[in-house]
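To start, the structure itself, in structure tokens.
On a predicted model such as this, the values are computed, not experimentally measured, just so you know.
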Amino acid sequence: MNETGTNEAQPDDRAQERTPPRGTLLERLSSAPAASAIGAMSDPTKKPGPPVDRKLTTRRMLTVGMLLPLFMLFVMPMVMTGMTTHSSPRHMDVAVIGSASEADDLVADLQDSSGNSFDVTRVTSIDEANTQIAEHDLRGAYDPEKGVVYYAGANGRQVTGAVTSFFEKVAQQQDQKPTERDVVPLEDHDPSGTAALYLSLGTILGGFMTGIILSLMPTGSKARLALGVVMPAVFATGMIVYGWAVFGIFSGVAIMPWVMLFLLSLTACAVTSGLMLSLGPAAMPIAILLIPLLGMSSSGVAAPLDMIGGFYRGMHTWVFSAQGISGVRDALYFDDASLTVPVLVLLAWMVGGVLLAALGTLRQKRRHLFAMLTEQEETSTALAVGAAAA
Amino acid sequence: MILMAMLFPVFMAFAYPGSYLSAMLEPAPDHMQLAVVESTKDAPQIAQQLQAEGGDAVDVTTVADTAAAKNAVTDLEARAAYDPSNGSLYVASAGGAQATSAAQSIFDEVAQKTDQTLHVKDLRGTTAADSTGTGFMYMLTACLVAGYVTATMLTSLARGVRLPVKLAVQLLMSVVAGVLTAGVCFGFYGVYDHHLVGAALIGGSLFLTASVVQLGFAGLLGQASTLVGITLFVILGVPASGVAATPDMLPGFFRVLHRLLPSGAGGELLRRVLYFDAHGIGTWVLLLVTWLLVGAGLVWLSTLRSPSADPATSVVTEEREHLRAHPEGGMFTAYDEAGERAESSPTSTPSDDPERAPQAPRHRAPEEGLA
């Protein structure tokens, strides 16, 4: 305790505390205190500052603390509301089945009449149409000879509604009584097709929170690495138990869904840890935006990408959480759809997260973390970040 | 320590999907209010038969005429009303697209049995931009979550700040919450073009309620309040809001929560103000005000804790320690522990750490304020 009534150490004491240990570079780094997200904000190599003004510090911390709710108030409705509004088909890929020139005429008519809502092409057979629907190349197809509409119910109610109502009008114009064939139906206990989203959300939040806690607590890299792998496995297994046993939604083989859920959780954990260890708690808004918000909104599972704004389609291409959620949905329902892209995107982000975490750890170890933070700042910031992340 | 901390992500990972799947996996009518217009002699019989076949899924009543049927639908007292004389079905899709669709399916079967063609008349449709009828969902969620986060930040980062200042910050932030969220919904996305002030007021009120309640929990429960707040406002609160799935499509447990939680009040208030001319908002305003008062009560209770208590610990921990230190003392008696320490230790003074060893007794004089 110094004369100003704070807990700041005197400069002489600091100098003694910061005397570096002897040995090789690796030995010196390993003997340095463990890295953490809070430590990312400090630089003990700097000279000690003047005594702390407690009131001003509190005011500054309070001001910074209000930035997170302000971020939530603005970014959450901005990102998520766009997913629920102005929902209508936008260049939705559909096809007419047939080889005759009549089919080509119908394709041309439909393309003209639908404008930008549907992109209509022709496929030669029902099998080809079904294959393309199962592989996400088409949302639906119509056989004008028999008046049958083919679609994938697993794409969700909005897509199903858009496709069937579009072709039902065509059938009525041709005096056909339309019938519907669901090529990829939903499970009976998942009539809305939202189970994939909720199970993914569990693993994402688990991985995200694990990343936050592992980076906030100054712990060794080995423990961090071990828990960073074990916890996602626990979350993925738990979600499989939810989906197969507790809620009884699915009954098939659960290996691929487990792999996708595990990769999703692992990547969420790695990216969160990497961002937090390299940028400190300032990374939390970035992680919140990137992982749950953009992940949910641009996954194509909560809202079909060809029925909402182009921004979400752009995000879907490279945001790992979005790719991961749609990958989980495909692993659950679309056996024929390729999982190569989601897996590659997840792996790329995971490697990036691990590299960021390693760089952040090395940077902090080099600087001997915590020397510049007061006890009050350390505890308060860690508690606030942990609680707010929830 | 770190293994204990891992319990928190485990809770989050399992509680979120557990709650959401329980509430919204298989939405189905449960005590859905339906009406049959007494326009034919068979109308009461149709209503009785529908009730018998529907069981707990529906609550069927009869209404005297078409005007009463329309009123029941637009006042959200009935999900749909069927006129057996001409096959008209009156609905309000802005009250919930999924529920309206379910009601339509029910009456489609009724119409087929009575050789009628169903003519659906939507008395309150959604705006063109709000095709799913859930455009205000994230306005509500953002206000609840940000309110909770604000209280958490005030508790963790502003420990030395006096309570009136914290409340003032919450009030200011609630104004910002209303303006920002309504600005995004109305201004940026243009989802709605009416009732801007009403929606902003509801958003701000939701924020303030969540924030004050969470501040009270934090003062009493310490770190454990994080779990209470997140459970109350998000894990249970969002599914029980009745926006993504309307109350008559939710399981019984969540329907009860809908009538009890602030999120339920928020969902109903926003829907009724935006689409139903604010009809029937009294009950829901009362619910929100009740929560605000509960929050104020919790905050008041938290000021009765010993000023020397660590804000990270709960009131239970504090009382346990207090009883250990003063086994002969009364249950409500406060002691000037700082003074005692000062007497027993001549080297330390209470001014050493004003937060942990304050001069003030447990019950302070009113003029000192609620610091």
Side-chain angles (χ1 to χ4, degrees), chain A residues 1 5 54-55 58 61-62 64-66 68-70 72-74 76-78 80-82 84-88 189-192 194-195 198-199 201-203 205-210 213-214 217 219 223 227 231 234-235 238-239 242 246-247 249 265 376 379-381 383-384 386-388 390, chain B residues 1-2 5-6 8-10 12-14 16-18 20-22 24-27 128-132 134-135 137-139 141-143 145-147 149-150 152-161 169 173 176-177 180-181 184-185 188-189 191 207 223 226-227 229-230 312 351-354:
Chain A
M1 192 70 61
R54 188 178 287 274
K55 279 187 177 173
T58 302
M61 289 174 78
L62 178 60
V64 170
M66 288 305 105
L68 188 62
L70 285 173
M72 302 295 285
L73 284 170
F74 182 66
M76 185 188 273
M78 275 298 279
M80 304 302 279
T81 305
T84 63
T85 60
H86 302 281
S87 181
S88 61
H189 293 294
D190 183 23
S192 309
T194 49
Y198 297 137
L199 296 179
L201 191 65
T203 50
L205 289 173
F208 170 70
M209 286 304 302
T210 302
I213 288 177
L214 285 180
M217 298 185 81
T219 186
L227 284 169
M231 294 306 289
V234 170
F235 302 139
M239 292 308 107
Y242 261 6
V246 178
F247 291 97
I249 308 164
S265 190
Q376 180 208 351
T379 315
S380 301
T381 311
L383 284 175
Chain B
M1 179 68 178
I2 195 148
M6 283 299 117
F8 194 53
V10 168
M12 299 288 283
F14 286 87
Y16 262 99
Y20 283 53
L21 284 169
S22 301
M24 296 188 283
L25 182 66
E26 292 183 85
D130 186 20
S131 49
T132 57
T134 56
M137 168 97 181
Y138 293 100
M139 188 178 167
T141 311
C143 287
V145 173
V149 172
T150 299
T152 305
M153 289 292 167
L154 286 171
T155 310
S156 306
L157 296 178
R159 288 185 185 176
V161 175
V169 170
M173 287 290 287
V176 176
L180 260 185
T181 53
V184 170
C185 267
F188 186 80
Y189 282 110
V191 185
F207 177 97
Q223 285 180 33
T226 302
L227 285 182
I230 202 77
S351 62
D352 278 354
D353 186 344

Should Y198(A) and M24(B) count as side-chain neighbours, where that means a heavy-atom distance under 4.5 Å?
yes
Cut-off 4.5 Å, heavy atoms of chain B, and the answer for M66(A) is both
Shortest non-hydrogen pair, S131(B) vs S87(A), comes out as OG-CB, 3.2 Å
If one checks every heavy atom of V10(B) against chain A at 4.5 Å, the contacting part turns out to be both
Inset, instruction - Taking the side chain as every heavy atom from C-beta outward, state whether V149(B) and P69(A) have any atom pair closer than 4.5 Å. - result: yes
Q.
So T181(B) and L73(A), do their side chains get closer than 4.5 Å, heavy atoms only?
A. yes
Note, S22(B) side chain near F247(A) side chain (heavy atom, < 4.5 Å): yes
Looking only at T141(B), L25(B), T132(B), the option with the highest number of non-hydrogen pairs under 4.5 Å against chain A is L25(B)
Among L205(A), L201(A), V234(A), L199(A), the residue with the most heavy-atom pairs under 4.5 Å to chain B is L205(A)
Taking every heavy atom of G65(A) against every heavy atom of M153(B), the minimum-distance pair comes out as O-CG, 3.3 Å
When the 4.5 angstrom heavy-atom criterion is applied to T210(A) and chain B, the contacting part is both
From the list Y20(B), F207(B), Y138(B), F188(B), the residue making the most non-hydrogen contacts under 4.5 Å with chain A is Y138(B)
So, the part of M6(B) with a heavy atom under 4.5 Å from chain A: the answer is both
Per-residue tally against chain A (heavy atom, under 4.5 Å) across C143(B), G18(B), A5(B), C185(B) peaks at G18(B)
Heavy-atom closest pair (H86(A) atom, Y189(B) atom, distance to 0.1 Å) is NE2-O, 3.1 Å
Closest non-hydrogen contact found for L70(A) with L180(B) is O-CD1, 4.2 Å
Here the pair of heavy atoms bringing F14(B) nearest to F235(A) is CE1-CD2, 4.3 Å
Bottom line for F74(A): the part with an atom under 4.5 Å from chain B's heavy atoms is both
Closest non-hydrogen atoms of L21(B) and A195(A), given as atom of the first, atom of the second and distance, are CD2-CA, 4.1 Å
Residue from M80(A), K55(A), M72(A), M239(A) scoring the most non-hydrogen pairs under 4.5 Å with chain B is M80(A)
**Item:** Side-chain heavy-atom pair L157(B), V64(A) within 4.5 angstrom cut-off
**Value:** no
